Every structure is written in C-alpha cells, then in structure tokens.
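As structure tokens, the structure follows; a few thoughts come after it.
In listed order, ligands and their atoms are each counted from 1. Every value quoted in this text rests on a predicted model; they were computed, and no experiment measured them. Residue numbers run from 1 in the order of the sequence given.
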Amino acid sequence: MRVLVTGADGMLGICVVKLLEENKIDVIPIDFKSKHKAINIDICDTDAVFNVVDKTKPDFIIHTAAQTNVDLCSKEVDKAYKINALGTGVLAAVAAENDIPIIYISTDYVFDGNKDCAYTEFDIPNPLNDYGKSKLAGENIVKELCNKFFIVRTSWLFAPHGKNFPLNILEATKTRKELNVVSDQIGSPTYAKDLAEFLLSLLDNKLYGIYHFTNSGSCSWYDFTNKILEFADIKDVKVNPICTAEWPTPAKRPKNSVLRRYKLELLGKDNVRHWEVALKEFIREWNIVKL
Ligand SMILES: NC(=O)c1ccc[n+]([C@@H]2O[C@H](COP(=O)([O-])OP(=O)(O)OC[C@H]3O[C@@H](n4cnc5c(N)ncnc54)[C@H](OP(=O)(O)O)[C@@H]3O)[C@@H](O)[C@H]2O)c1
C-alpha cells in the first residue's frame with residue numbers, strides 16, 4: 001500500500017509518516033517549504049497536487065495539512081479559508097477523481113462549546129471562530145466531493161515535537177516561576193502518536209464517515225498544566241487559574257470542546273487510553289529528546 005500524507009512535517013504528520021514507515025507502508029510525504037524529505041507542494045496548487053497523485057499513484061490520502069494557528073486564522077481570514085477549505089477541496093477533488101479514500105483531520109473547534117456534555121459525531125457544528133469555520137468548510141467539501149472519506153475530529157494535540165501546549169508550558173518554566181492558565185475551557189488532550197495509530201487502523205476500514213478521536217478523559221488548560229509540571233517533576237513553578245475574560249485572544253474559544261468517541265463506543269471499539277497515561281509517555285519521550 002502507498003499513502004500520500006499532506007502536512008508531513010507538521011506535528012501530527014511526523015507521527016503519521018513514522019508509524020506508516022514502521023509498518024512497511026510506502027509513504028509519499030508532502031508539505032509546504034519542507035525542511036525534511038517531503039515533496040514541496042502547496043496543497044492549494046491544483047496542478048501540482050494532481051501531478052503528484054498521477055505520478056505516485058497512492059492508494060490512500062491522509063490530509064493533515066492546515067493553517068492551525070487559531071488566532072492567525074482570525075487575522076488572516078482569506079488565507080485560513082484558502083488553506084483549510086480550498087486546499088482541502090483540491091485534495092478531495094483528486095481523491096474523488098482517482099477513487100482514492102481520504103482521511104481529513106478536523107477539529108473540536110467546529111463546535112460552539114455551549115453543550116453541557118461531550119459532543120458526539122451526530123451533534124450539529126456551529127463554530128465560533130474563523131479557524132473552526134474554515135475547517136468545517138473543509139469537512140463540507142470532503143462530504144460533497146468524495147464517497148470514500150473519513151473525517152476525524154480531534155482536539156488539544158501534543159507531541160514531543162512541533163508547536164503544542166505542553167511544550168510551550170515546559171519552555172515557559174525555564175524563565176518563569178509563576179504561570180497564569182485558563183481554567184474555564186475544557187477539552188480532551190490527545191497524543192498525536194495515539195491519533196496516528198487510529199488513522200492507521202482506518203486504512204483497512206470501509207465504514208466511512210465522521211469519527212471523533214481523542215484520548216479519554218477531559219480537563220481544563222489549568223488542570224493540564226498542573227499534570228505537565230507534576231509528571232515533569234517541576235516543583236518550583238506556581239500555576240494560577242484564570243478565566244477566559246482575563247486572557248483575551250483574537251479568536252473566541254469554545255468553553256467545552258470535549259469530544260465523545262461515540263461511533264467507536266457504538267462499535268464496541270472505544271478502548272483509547274487516558275490522556276494522563278499518554279502525557280506520562282510524552283514526558284518520558286521529551287526527556288529523551290532534550291538530552
Ligand atoms: N494542533 C491541534 O491541537 C489540533 C487540534 C484539532 C485538530 N487539529 C488538526 O490536525 C491537523 C494536524 O495539526 P498539526 O497541529 O499537526 O498541524 P501543524 O503542526 O501546524 O502542521 C500542519 C502542516 O501543514 C503545512 N501546511 C500549511 N499550509 C500548507 C499548504 N498550503 N500546503 C502544504 N502544506 C501546508 C504546514 O507547513 P508550515 O508549517 O510551513 O505552515 C505544517 O507542516 C490539522 O488539520 C489541524 O487542523 C489540530
């Protein structure tokens with residue numbers, strides 16, 4: 001099997017490429033201005049995307065590339081839609097034209113956060129910010145153009161590489177002894193490595209459609225921070241809980257973005273490990289990376 005992976009240099013893309021290679025699956029990694037071995041392609045360049053698919057003939061597409069900076073999406077709205085909606089449309093079109101199944105990674109931010117329990121795959125999206133709106137537009141294009149698609153919504157991704165919350169917190173502790181962290185937004189942290197394992201399992205699954213995938217359990221950013229410091233054995237940093245109003249950002253965030261893996265539950269396949277267990281493993285790997 002040969003799998004084309006977009007966003008191959010990104011946080012999730014790196015985990016996906018590594019896992020596919022470990023499983024002896026041929027990978028065609030593509031990214032924008034790649035510093036590694038990926039083929040340099042802008043996913044919004046229709047000719048380049050169709051050409052690479054024509055030349056390499058993948059059996060599957062895993063589309064992780066996106067503009068993922070939530071606040072930047074609110075400042076550069078056209079660019080957010082260009083990459084997250086139009087770029088996804090190019091991938092969806094090439095997948096449909098060549099009858100290739102596609103996985104599109106989407107987000108908890110398609111929901112408004114007003115629900116008082118976790119969101120299922122059957123809840124109606126209503127994004128609050130331009131990142132969520134552009135990612136939802138990407139979902140709709142995939143649904144319109146493709147028959148064989150998986151839309152996988154995930155949340156609060158972390159890995160020992162790339163840009164993510166635990167790495168930011170660990171970096172901040174090098175210079176600060178007190179951190180203020182939002183305590184009134186809850187979600188489910190997700191280890192990118194665990195998500196990559198789930199995506200691998202979809203390659204021989206024919207039950208196409210929308211899936212939610214996160215680690216199990218949920219917490220606030222404040223709880224998450226305390227666990228990061230506890231597992232990293234950092235005792236000399238004080239964490240203060242603050243509310244969203246005290247931490248204004250250009251893009252509004254949902255208060256509750258916990259995703260329920262309801263489809264996996266219904267299939268009797270919801271055996272995902274707790275985020276704290278995954279976080280402990282992340283800290284072990286981070287300790288190795290920083291040595
Ligand atoms: N991070 C999270 O917490 C989170 C939560 C929910 C869902 N997701 C979704 O999960 C997926 C992976 O997220 P991630 O955090 O791994 O993302 P990431 O680290 O930001 O990686 C995205 C990759 O896509 C590339 N890219 C951006 N625009 C491109 C273009 N026009 N053509 C080709 N490549 C382009 C980026 O390159 P540059 O770096 O050069 O821009 C980057 O290498 C995304 O679809 C995201 O929406 C993420």
When you measure from [atom] to every protein heavy atom, which one gives the shortest distance, and what is it?
| atom | result |
| --- | --- |
| atom 25 (C) of ligand 1 | Asp31 OD1, 3.4 Å |
| atom 2 (C) of ligand 1 | Leu157 CB, 3.6 Å |
| atom 29 (C) of ligand 1 | Phe32 CB, 3.9 Å |
| atom 21 (O) of ligand 1 | Gly10 CA, 3.2 Å |
| atom 19 (O) of ligand 1 | Met11 N, 2.9 Å |
| atom 8 (N) of ligand 1 | Tyr131 OH, 3.7 Å |

Give the atoms of ligand 1, by number and element, whose distance to some non-hydrogen atom of [X] is under 4.0 Å.
| X | answer |
| --- | --- |
| Thr64 | 11 (C), 12 (C), 44 (C), 45 (O) |
| Leu12 | 12 (C), 16 (O) |
| Asp42 | 30 (C), 31 (N), 32 (N) |
| Thr154 | 6 (C), 7 (C) |
| Gly7 | 23 (C), 24 (O) |
| Ile41 | 32 (N), 33 (C) |

Inspect the contact between [Y] and [X] and indicate whether a charged nitrogen and a carboxylate oxygen are less than 4.0 angstrom apart.
| X | Y | answer |
| --- | --- | --- |
| Lys37 | Glu21 | yes |
| Glu22 | Lys18 | yes |
| Asp31 | Lys33 | no |

Quiz prompt | Heavy-atom side-chain contact between Arg261 and Ser216 under 4.5 Å | solution =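 In contact.
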
Quiz item: Can you check whether a protein heavy atom sits less than 4.0 angstrom from atom 38 (P) of ligand 1?
Solution: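 Under 4.0 Å from atom 38 (P) of ligand 1, zero protein heavy atoms found.
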
Quiz item: Looking at atom 47 (O) of ligand 1, is any protein heavy atom nearer than 4.0 Å to it?
Solution: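 Yes.
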
Quiz item: Counting heavy atoms only, which part of Ile83 comes closer than 4.0 Å to ligand 1: side chain, backbone, both or neither?
Solution: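 The answer is the side chain of Ile83.
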
Self-check item: Per-residue contact class, Trp156 against ligand 1 - non-hydrogen pairs under 4.0 Å
Solution: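 Contact part for Trp156 vs ligand 1: backbone (N, CA, C, O).
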
Among [options], whose heavy atom sits nearest [atom]?
| atom | options | result |
| --- | --- | --- |
| atom 32 (N) of ligand 1 | Ile105, Ile43, Leu195 | Ile43 |
| atom 17 (O) of ligand 1 | Thr68, Asn40, Thr6 | Thr68 |
| atom 24 (O) of ligand 1 | Ala8, Ser106, Ala65, Cys73 | Ala65 |
| atom 22 (C) of ligand 1 | Ala38, Cys44, Ala66 | Ala66 |

Working to the nearest 0.5 angstrom, can you tell me the gap between [X] [atom1] and [Y] [atom2]?
| X | Y | atom1 | atom2 | value |
| --- | --- | --- | --- | --- |
| His212 | Asp123 | NE2 | CG | 7.5 Å |
| Leu195 | Met11 | CG | CE | 10.0 Å |
| Ser188 | Arg260 | OG | CZ | 12.5 Å |
| Ile62 | Leu20 | CD1 | CG | 5.0 Å |

Exercise. Could you tell me which residues satisfy side-chain contact (heavy atoms from CB on, under 4.5 Å) with Pro189, sequence neighbours excluded, listed by chain and number?
Key: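 side-chain contact (heavy atoms from CB on, under 4.5 Å) list for Pro189, sorted by chain: Trp156, Phe158, Cys219, Phe224, Trp275.
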
Practice problem: For Asn256 and Asn114, indicate whether the former's side chain and the latter's backbone hold a donor-acceptor pair under 3.5 Å. | Solution: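 Checked: no pair found.
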
Practice problem: Decide whether the shortest distance between a heavy atom of Lys135 and an atom of ligand 1 is less than 4.0 Å. | Solution: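 It does; at least one heavy atom falls under 4.0 Å.
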
Quiz item: Is Asn69 in contact with ligand 1, taking contact as a heavy-atom separation below 4.0 Å?
Solution: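 Under 4.0 Å: no for Asn69.
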
Quiz item: Is the number of heavy atoms from other residues, nucleotides or ligands under 6.0 Å of Lys79 NZ greater than 12?
Solution: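 Check fails, neighbour count at 12 or below.
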
Quiz item: Within a reach of under 6.0 Å around NZ of Lys177, are more than 12 heavy atoms found that belong to other residues, nucleotides or ligands?
Solution: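 For Lys177, atom NZ is crowded (more than 12 foreign heavy atoms under 6.0 Å).
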
Practice problem: Could you note down all residue pairs passing salt bridge (Lys or Arg N to Asp or Glu O under 4.0 Å) where residues 150-169 supplies at least one of them, sequence neighbours left out? | Solution: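 Non-adjacent pairs meeting salt bridge (Lys or Arg N to Asp or Glu O under 4.0 Å): Glu139-Arg153.
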
